[in-house]
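Below is one structure, written out as structure tokens, with a few remarks after it.
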Number of protein chains: 2
Amino acid sequence: MQLSNSSQYAIRILSYMALEQDSKLLNATQLAATLQIPYKFLTKIMTEVVKAGLVVSIRGREGGYRFEKPTSQIIVSEILKIFNDSIEDKQCVLGIGFCNGVCKCALHDQWMKPKLLMQKMFEESSLADIAGKGCKQ
Amino acid sequence: MQLSNSSQYAIRILSYMALEQDSKLLNATQLAATLQIPYKFLTKIMTEVVKAGLVVSIRGREGGYRFEKPTSQIIVSEILKIFNDSIEDKQCVLGIGFCNGVCKCALHDQWMKPKLLMQKMFEESSLADIAGKGCKQ
DNA sequence: CATAAATACTACTTAAAGGTAGAATTAAAT
DNA sequence: ATTTAATTCTACCTTTAAGTAGTATTTATG
């Protein structure tokens with residue numbers, strides 16, 4: 001499954017933003033302090049999120065980040081894709097054991113069942129779905 | 001979940017050994033060739049597996065590796081522990097969101113269910129269980 | 001004993017992820 | 001216009017996993 005730190009941080013940041021935001025801008029300094037993420041690393045992550053079009057950034061004084069489309073339309077798996085944490089791969093636990101293109105490794109079925117559940121979770125959860133479910137940061 | 005290459009290789013090696021072995025020794029050269037694992041890396045991994053007591057090694061000419069206890073008594077999770085791929089952690093997808101010691105992160109329940117299935121799989125599968133289920137290498 | 005074939009040990013190299021630093025750019029406010 | 005507070009860009013540093021190299025040690029066999 002292999003979620004990178006960047007992906008995890010991005011999910012935290014965006015789900016927090018989805019919870020807080022009333023179309024007001026949230027800036028990197030506040031986000032970093034609130035979420036306990038190193039400021040410089042957060043800005044690096046957010047720059048990629050902006051490039052991917054999930055949020056827009058307003059530069060300059062009084063700037064920050066904001067969603068432009070409803071958070072119900074932002075799916076968690078889109079966030080993972082930004083950081084190449086691809087979820088769709090069919091690879092199995094041992095990464096081997098292909099017979100005629102079909103994995104037959106020893107643990108295949110038992111491994112793939114929970115893995116597919118995780119994939120489903122990421123592909124069917126929007127930011128709106130998950131915002132507010134956790135602790136207030 | 002984070003299975004390291006070493007863990008994956010170790011599972012492959014040991015499940016292959018469980019399948020092949022009639023109390024005969026299997027040596028690193030053969031194993032590396034058969035399983036397509038770099039020889040030097042395989043010996044490094046096997047040295048740790050030996051230290052952990054899962055197999056015994058016979059040094060010198062005609063040496064090799066061999067199980068001493070039945071493969072039904074070697075559990076997959078023991079292999080993972082050798083390489084610090086701990087499976088028991090209660091950590092959730094976002095690695096945060098503890099309220100009174102209980103994780104309440106946004107994706108907690110949906111994440112933990114498949115994760116627990118994977119943990120169960122590793123803790124309840126022995127080498128005997130999985131040997132022979134995959135393709136012949 | 002000498003040799004050959006095996007594992008074990010120590011140290012190094014490489015590649016990728018995680019994270020940091022500093023300067024450049026932007027734009028509101030005064 | 002200047003200042004200030006924000007994002008963005010480029011480049012670097014650090015840590016860890018993955019893999020390699022070479023030598024030492026062990027032991028059956030002739």
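Protein chains get the first letters and strands the later ones, always in sequence-line order, with residue 1 at the start of each.
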| said: If the condition is side-chain hydrogen bond (donor to acceptor under 3.5 Å, both in side chains), which residues does A/Ser126 pass it with, not counting sequence neighbours? | reply: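 Applying side-chain hydrogen bond (donor to acceptor under 3.5 Å, both in side chains) to A/Ser126 gives A/Asp129.
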Residues forming a side-chain contact (heavy atoms from CB on, under 4.5 Å) with [X], sequence neighbours excluded:
X	result
B/Lys69	B/Gln73, B/Ile74, B/Glu78
A/Ala33	none
A/Thr29	A/Asn27, A/Tyr39
B/Glu124	B/Lys120

Handout entry: Bounds of contact between DNA chain C and chain B, in 5' to 3' order, using a heavy-atom cut-off under 4.0 Å
Key =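 Range of nucleotides within reach of chain B: C/dA4 to C/dC9.
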Can you give me the closest heavy-atom contact between [X] and [Y], atom names plus distance?
X	Y	value
B/Phe67	B/Leu54	CD2-O, 3.7 Å
A/Leu25	A/Gly64	CD2-C, 3.9 Å
B/Ile13	B/Met46	CG2-SD, 3.7 Å
B/Val50	B/Val56	CG2-C, 4.5 Å

With sequence neighbours excluded, tell me which residues meet ring pair (Phe, Tyr, Trp, His ring centres under 6.0 Å) with B/Phe41.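 Ring pair (Phe, Tyr, Trp, His ring centres under 6.0 Å) check on B/Phe41 returns B/Tyr9.
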| query | By ring pair (Phe, Tyr, Trp, His ring centres under 6.0 Å), which residues pair with A/Tyr65, not counting sequence neighbours? | reply |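 Result, ring pair (Phe, Tyr, Trp, His ring centres under 6.0 Å) vs A/Tyr65: none returned.
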message = Among residues 56-65 of chain B, which ones have heavy-atom contacts with DNA chain D below 4.0 Å?
response =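 Those residues are B/Arg59, B/Gly60, B/Arg61.
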### Message
Does anything in residues 39-47 of chain B come within less than 4.0 Å of DNA chain C? Heavy atoms only, and list the residues if so.
### Response
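Correct list: B/Tyr39, B/Lys40, B/Thr47.
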ask   = chain B on DNA chain D: first and last contacting nucleotide, 5' to 3', under 4.0 Å to a heavy atom?
value =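 That gives a stretch of D/dA18 to D/dA28.
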Query raised in the report: Mapping B/Thr29 and B/Lys51 onto DNA chain C by nearest heavy atom, which one lands closer to the 5' end?
Result: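 The residue whose closest nucleotide sits nearer the 5' end is B/Thr29.
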Under the rule for salt bridge (Lys or Arg N to Asp or Glu O under 4.0 Å), what residues qualify as partners of A/Glu62, not counting sequence neighbours?
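A/Glu62: no salt bridge (Lys or Arg N to Asp or Glu O under 4.0 Å) contacts found.
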